[in-house]
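One structure below.
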Amino acid sequence: MNVFPFLSQKDKCDPMKDHLDKLQQLKQEALQGGGEKRVQKQHRLGKLTARERLERLLDAGSFQELGMFVKHQVSDFGMDKKRFAGDAVVTGFGTIDGREVAVFAQDFTVLGGTFSEMHARKIVQLQDLALAAGRPIIGLMDSGGARIQEGIRGLAGYGAMFTRNVLASGVVPQLSLMLGPTAGGSVYAPALTDFVIMVRNASYMFLTGPEVVHAVTGEEVTTEELGGAMVHNAHSGVAHFLADDEGHALEMTKLLLSYLPQNNTEDPPRAVCTDPPDRQDESLLEIVPSDENQPYDVKRVIQAVVDYGSFLEVQPYFARNAVVGFARMDGHVVGVVANQPAFLAGVLDIDASDKIAHFIRICDAFNIPIITFVDTPGFLPGVNQEHYGVIRHGAKIIYAYVEATTPKISVVLRKAMGGAYIAMSSKEMRSDLSFAWPTAQIAVMGAEGAVRILHRKDLARADDPARREAEFVQKFRETFFNPYIAAELGFIDDIIDPRETRPRLIRSLAYLRTKVQQNPPKKHGLMPV
Ligand code: HXC
């Protein structure tokens, strides 16, 4: 490829010619990555090269590469004969849908994409520049981890990179695409970023591989079972999105970025909205069953309320009893948090608490208002949950909602019981506005449990305890299982016809757009972990 196609014949006779020829030759070499054979191997595995990935991710012709000539500085273990321009990572900046982003793509064709001192320096420089300019950072990961031949140099590089990950956290969005292996300490770089996208059957993440696991614990496990894309999407909660292939992962990245601002001083971009802001959706009358124990899919409520087709669910496979994601209302980005009655009745447990708390903090960091749809019987009771710390995990939801200064609006759809009523963006926890549907049941606890505590002696004395209990339950429900007492006390701002939910939320969001709120000055809070 001629990297200077614009040179005319006359230019080529210029005294600069030798210099330019040399430059072109060196650039040409760098563009080869690890060479034809390794590129072919990468393709055989269904993987693109680092440059091909960047070409697909960025707007055509927008990429400005940095550090193309950087090489490692190590000669031990014959490394002096394995010096490749770029040192296993392509870094630079470009645009996605016209918006500037910083990108790095690890090049597995060069020394297995391994992380060296110079590789680290390139990424660190990019992170520093992105932080100074307020641009999102996107990492395309495909690496065998620390380059073993470099010893401490690569490890120190990780330290420098992690430092920037942390300093950039909450300032600019950080996205990690896992497009191959990530092992050892290098899993912590993506773990420190805001969003991790993994590719099914192609990417995996673990601290120690199957051999080490077997040696230490005797467990037999494959790489896929230990740290495959589904493991981290559905079980560990490390990943936020599951892509079917690399192309899908790159498209997801572009979509996700469209919901995020460039940095914490900006708002996310507003999209053109063709869905009328005053649309009243009749389906909202049908979705929530009147029987409080009947499940339903809360995503149907979300989809009927937000701009048509705009809901992007985050972590759809993890803690499915909670739903979080981005959407738009009249073109403006919002974060949506909801309990999911279709899964475990929408209880709050350890994983759901972590998922909700993390998402709230992302929204708050990036000036995204939060809408919360409440329908939960409460925190999940049980020895296992208590022993693994549902108290401290559940506390994260409370902490995150209270700490968040972004506009917050809650809508109680059905059950809002006990601690979960308080935790799920209640008025007293700095929710700006709280609405309820007429079907809402805002109560201290479920009727059966309450009656057994309040009327234990009466029930023990009763001739027909079951009938007596049913009577008490009925009375308790009539008294407390409605939104009117909460509205009477001002804890609910209005009880709304479900069909009005979209227009009421859009009007409220418009009003709150200029909200200013600050927390007391402090070095940082101490969020439960
Ligand atoms: C040096 C490495 C390497 C490494 C791979 N290579 N990993 N070189 N250091 N960490 C080299 C291979 O020797 C090979 O070189 C080339 O990269 C391609 O690797 P292959 O093994 O041929 O590829 P593949 O079969 O696809 O297997 C990929 C792999 C495997 C699963 C990633 O290479 C592997 O298990 N690597 C080690 C992973 C690991 O344990 N990393 C942790 C390092 S310690 P040639 O020249 O033969 O083609 C660490 C600590 C960091 O990361 C702590 C930070 C806080």
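Atoms within each ligand, like the ligands themselves, are counted from 1 in listed order. Note that the coordinates shown come from a computational prediction; the quantities given were computed from them, not determined experimentally.
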Query raised in the report: ligand 1 versus Y188, non-hydrogen atoms closer than 4.0 Å: side chain, backbone, both, neither?
Result: neither

**Report entry** Y204 and ligand 1 - part of the residue with a heavy-atom distance under 4.0 Å
**Finding:** side chain

Looking at [atom], is any protein heavy atom nearer than 4.0 Å to it?
atom                    : answer
atom 7 (N) of ligand 1  : yes
atom 20 (P) of ligand 1 : no
atom 10 (N) of ligand 1 : yes
atom 30 (C) of ligand 1 : no
atom 33 (O) of ligand 1 : no
atom 41 (N) of ligand 1 : yes
atom 37 (C) of ligand 1 : yes
atom 23 (O) of ligand 1 : yes

Query - Candidate pair N165 and T193, rule side chain to side chain contact (heavy atoms under 4.5 Å, CB included), full reasoning - result: CA-CA 7 Å; N165 286 134; T193 64; 3.9 Å; yes

Numbering as shown, the atoms of ligand 1 that approach [X] to under 4.0 Å (heavy-atom distance):
X    : answer
T114 : 1 (C), 2 (C), 3 (C), 4 (C), 7 (N), 8 (N), 9 (N), 10 (N)
R147 : 9 (N)
L111 : 17 (O)
P181 : 32 (C)

Requested in this report: For N233 and Q315, test the side chains for any donor-to-acceptor distance below 3.5 angstrom and give the result as yes or no.
Outcome: no

Query - Over 12 foreign heavy atoms within 6.0 Å of CZ, F343 - result: yes

Report task. State whether the number of non-hydrogen atoms from other residues, nucleotides or ligands found under 6.0 Å of Y388 atom OH is greater than 12. Result -> no

[X] N/O under 3.5 Å from ligand 1 N/O:
X    : value
R38  : yes
G144 : yes
I148 : yes

Do [Y] and [X] meet the salt-bridge criterion of a basic N to acidic O distance under 4.0 Å?
X    : Y    : value
R121 : E117 : yes
K47  : E246 : no
K122 : D87  : no
R53  : D142 : yes

Of all the non-hydrogen atoms in the protein, which one sits nearest to [atom], and at what distance?
atom                    : result
atom 1 (C) of ligand 1  : Q149 OE1, 3.2 Å
atom 54 (C) of ligand 1 : Y158 CD1, 3.1 Å
atom 50 (C) of ligand 1 : G185 N, 3.7 Å

Query raised in the report: Can you tell which of K41, K37, E211 gets a heavy atom nearest to atom 25 (O) of ligand 1?
Result: K41

Report task. Pick, from A156, G154, A146, the option with the minimum heavy-atom distance to atom 52 (O) of ligand 1. Result -> A146

Query - Pi-cation contact, Y401 with R361 (under 6.0 Å, within 45°) - result: no

Query raised in the report: Taking it one step at a time, do M230 and L242 satisfy side chain to side chain contact (heavy atoms under 4.5 Å, CB included)?
Result: CA-CA 7 Å; M230 204 56 200; L242 177 68; 3.5 Å; yes

Query raised in the report: Does the separation of the ring centres of F104 and F93 fall below 6.0 angstrom?
Result: no

Query raised in the report: So, for H232 and H240, is the gap between ring centers shorter than 6.0 Å?
Result: no

Report task. Could you grab the distance from atom NE2 of H43 to atom OG1 of T109, nearest 0.5 Å is fine? Result -> 9.0 Å

Query raised in the report: So is F108 in contact with ligand 1, going by heavy-atom distances below 4.0 Å?
Result: yes

Report task. Decide yes or no on side chain to side chain contact (heavy atoms under 4.5 Å, CB included) for F373 and I302, but give the supporting numbers first. Result -> CA-CA 8 Å; F373 293 106; I302 298 168; 4.0 Å; yes

